[in-house]
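Here the structure is laid out as structure tokens; the discussion comes afterwards.
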2 protein chains.
Amino acid sequence: MDRRQRRTRSLIFKAFTALLERKSYTSVTVQEIIDEADIGRSTFYAHFETKDELLKAMCRDIFDHVFSEEIMSEEHHDFSDKDSFQDHITHILCHLQEKQQSIKGIFSGECGEIFMRYLKEYLYQVFDRQLTDVEDIPRTYRLNHAVSSFAETVRWWLKEHSEYSPEQISRFYFESVDI
Amino acid sequence: MDRRQRRTRSLIFKAFTALLERKSYTSVTVQEIIDEADIGRSTFYAHFETKDELLKAMCRDIFDHVFSEEIMSEEHHDFSDKDSFQDHITHILCHLQEKQQSIKGIFSGECGEIFMRYLKEYLYQVFDRQLTDVEDIPRTYRLNHAVSSFAETVRWWLKEHSEYSPEQISRFYFESVDI
DNA sequence: ATAGATATAGAACAATGTGTTCGGTAACAA
DNA sequence: TTGTTACCGAACACATTGTTCTATATCTAT
């Protein structure tokens, strides 16, 4: 990737993140992003077709880091006991905490929906292999329950209760849910 | 309320609901709602300032029915045991099922966020009184967990697994969460 | 039944934001 | 150095929004 492209892309991301901290997603216009990033109008559209595509690209960037190869690779998926899985989850929480500044703005308002959807897509893969079966409760229900409540835990944590450590959050979660 | 106002309001709600079943919230324009409802442009704006206000009004209408006085009133809140609380939840699920047609479209895409926020606001009141305390886990965490996972349960149910009965959903939930 | 109030229709309008195009300039890579 | 590619920025057509206005239809209360 061209150095100029990386620079522009980064400028757009930073501008967008900054704007989301003081305005709602819908109210942010492309023009404002352009002004904040201090780039040309046509340059923005050379990178992203719409504001929505920009948001999606940002989510992908974040999750590609959080759920990096190291974490998702097969070799790390022989969780024989519950504890090692919990460590795995704690590890993911640490990565999320690193990205907190970028994430915080995205959570609020309307674009939280898109962010959460992406987050859940990754989480489905992580939880699907670990989930046990329980009689008389559909597996799809339990999977949705585990993934959703974890995603909401993350939101609750990073949005307004970041005083807790990843280890504490992990403990809260595993004491509240049967995996 | 004037008969004409009720009629117009109903036409707008129906048009909006119909549009949300085949298009995403963002892509629906005020003009389309006007055309679908077959009303004048100024009439729409006499009722709602923006599309967002319309969505909020629809959510309020739905929840005012689902969490009606009968359900929320103090006299029905002496749940001495877990079972009667579960019955209460089942009752709410029945009301939600009645409104399924209106709700289904709202769930999808971007406006699900707003709908879920409203739903959770009501649920906080319902769950707050019933929630027990657990050592070493913050009450706010447990409340958020109970409310969020119930709200997500509702979404999962009405959106793609409506083959289950309110009683079944209630059972799935209470076997997955400690209240 | 009539009169006064109110809701609606529909056209016209300014204002704003969107997405594209194009020619010129600057930065890159080989 | 040379060809390629990204950026700039102005201009443009277009869609959508939200307001204003007058005429008409419909309600409510007496």
Side-chain angles (χ1 to χ4, degrees), chain A residues 1-61 105-106 108-114, chain B residues 1-61 105-106 108-114:
Chain A
M1 203 180 189
D2 197 313
R3 203 158 129 188
R4 292 167 295 178
Q5 283 190 64
R6 282 199 303 273
R7 179 181 171 274
T8 300
R9 191 181 167 91
S10 170
L11 284 173
I12 293 174
F13 278 0
K14 277 175 189 157
F16 193 47
T17 303
L19 285 167
L20 282 180
E21 278 172 22
R22 49 179 193 265
K23 300 190 62 181
S24 75
Y25 175 71
T26 309
S27 69
V28 171
T29 65
V30 174
Q31 190 59 54
E32 285 175 310
I33 300 171
I34 288 164
D35 291 342
E36 178 84 19
D38 195 25
I39 57 168
R41 183 165 191 75
S42 53
T43 306
F44 176 88
Y45 284 105
H47 281 258
F48 305 102
E49 287 191 355
T50 63
K51 199 173 64 172
D52 275 29
E53 291 302 318
L54 164 59
L55 175 59
K56 288 179 188 170
M58 270 189 60
C59 289
R60 271 193 296 274
D61 261 35
I106 303 181
S108 22
E110 317 94 69
C111 58
E113 180 74 17
I114 293 171
Chain B
M1 201 180 189
D2 197 313
R3 202 160 127 189
R4 292 167 296 180
Q5 284 190 63
R6 282 199 303 274
R7 178 180 171 275
T8 300
R9 191 181 166 92
S10 170
L11 284 173
I12 292 174
F13 280 0
K14 277 175 189 158
F16 193 48
T17 304
L19 285 167
L20 283 179
E21 278 172 21
R22 50 179 192 264
K23 299 190 62 180
S24 76
Y25 176 71
T26 309
S27 69
V28 171
T29 65
V30 174
Q31 189 59 54
E32 284 176 311
I33 300 171
I34 288 164
D35 292 342
E36 177 83 18
D38 195 25
I39 58 169
R41 181 165 192 74
S42 55
T43 306
F44 176 88
Y45 284 105
H47 280 258
F48 305 102
E49 288 190 355
T50 63
K51 199 173 65 172
D52 275 28
E53 291 303 316
L54 164 58
L55 175 59
K56 287 179 188 170
M58 268 189 61
C59 290
R60 271 194 295 274
D61 261 35
I106 302 181
S108 22
E110 316 94 70
C111 58
E113 181 74 17
I114 293 172

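Lettering of chains follows the sequences in order, A, B, ..., and the numbering in each one begins at 1.
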For this session: Determine whether A:Asp38 and A:Leu11 make a side-chain contact, defined as any pair of heavy atoms from C-beta on separated by less than 4.5 Å.
Result: no
Exercise. What is the distance, rounded to the nearest whole Å, between atom CD1 of B:Ile33 and atom C1' of D:dT16?
Worked result: 12 Å
Seminar exercise, completed: Between CD1 of B:Ile39 and P of D:dT24 the distance, given in whole Å, is 21 Å
Exercise. Does A:His47 have a side-chain nitrogen or oxygen under 4.0 Å from the phosphate oxygens OP1 or OP2 of D:dA6?
Worked result: no
Exercise. For the side chain of A:Ser42, counting heavy atoms from C-beta on, which of D:dC8, D:dC21, C:dT8 is nearest?
Worked result: D:dC8
Exercise. How long is the line joining CD of A:Glu53 and P of C:dG19, in whole Å?
Worked result: 11 Å
Exercise. Between B:Asp2 and B:Thr50, who's closer to the 5' end of DNA chain D by nearest nucleotide?
Worked result: B:Thr50
Seminar exercise, completed: Among the nucleotides D:dA6, D:dT19, D:dT26, whichever has the atom closest to the side chain of A:Gln5 is D:dA6
Problem set entry | Separation of D:dT5 P from A:Arg3 CZ (nearest whole Å) | 18 Å
For this session: Provide, to the nearest angstrom, the distance between the CZ atom belonging to B:Phe44 and the P atom belonging to D:dT20.
Result: 17 Å
Seminar exercise, completed: Taken to the nearest whole Å, CD1/A:Ile34 to P/D:dA10 is 12 Å
Problem set entry | From A:Lys23, A:Lys14, A:Arg22, residue fulfilling salt bridge (charged side-chain N to carboxylate O under 4.0 Å, His left out) relative to A:Glu36 | A:Arg22
Problem set entry | Nearest-neighbour nucleotide for the B:Arg41 side chain, C:dT20, D:dT16, D:dT19 considered | D:dT19
Exercise. Applying the side-chain contact (heavy atoms from CB on, under 4.5 Å) test to A:His47, which of A:Ile39, A:Ile12, A:Leu54 qualifies?
Worked result: A:Ile12
Problem set entry | Any donor-acceptor pair under 3.5 Å from B:Ser10 side chain to B:Arg6 backbone | no
For this session: Quickly work out the B:Gln31 CD to C:dC13 C1' distance and round it to whole Å.
Result: 15 Å
Problem set entry | Under 4.0 angstrom between B:Arg4 side-chain N/O and C:dT8 OP1 or OP2 | no
Exercise. Within 45 degrees of the axis of the six-membered ring of B:Phe16 and under 6.0 Å from its centre: does B:Lys51 put its NZ or CZ there?
Worked result: no
Exercise. Within this structure, what is the CD-to-P distance between B:Glu32 and D:dA15, rounded to whole angstrom?
Worked result: 13 Å
Exercise. OP1 or OP2 of D:dT19 less than 4.0 angstrom from a side-chain nitrogen or oxygen of B:Tyr45, does that happen here?
Worked result: no
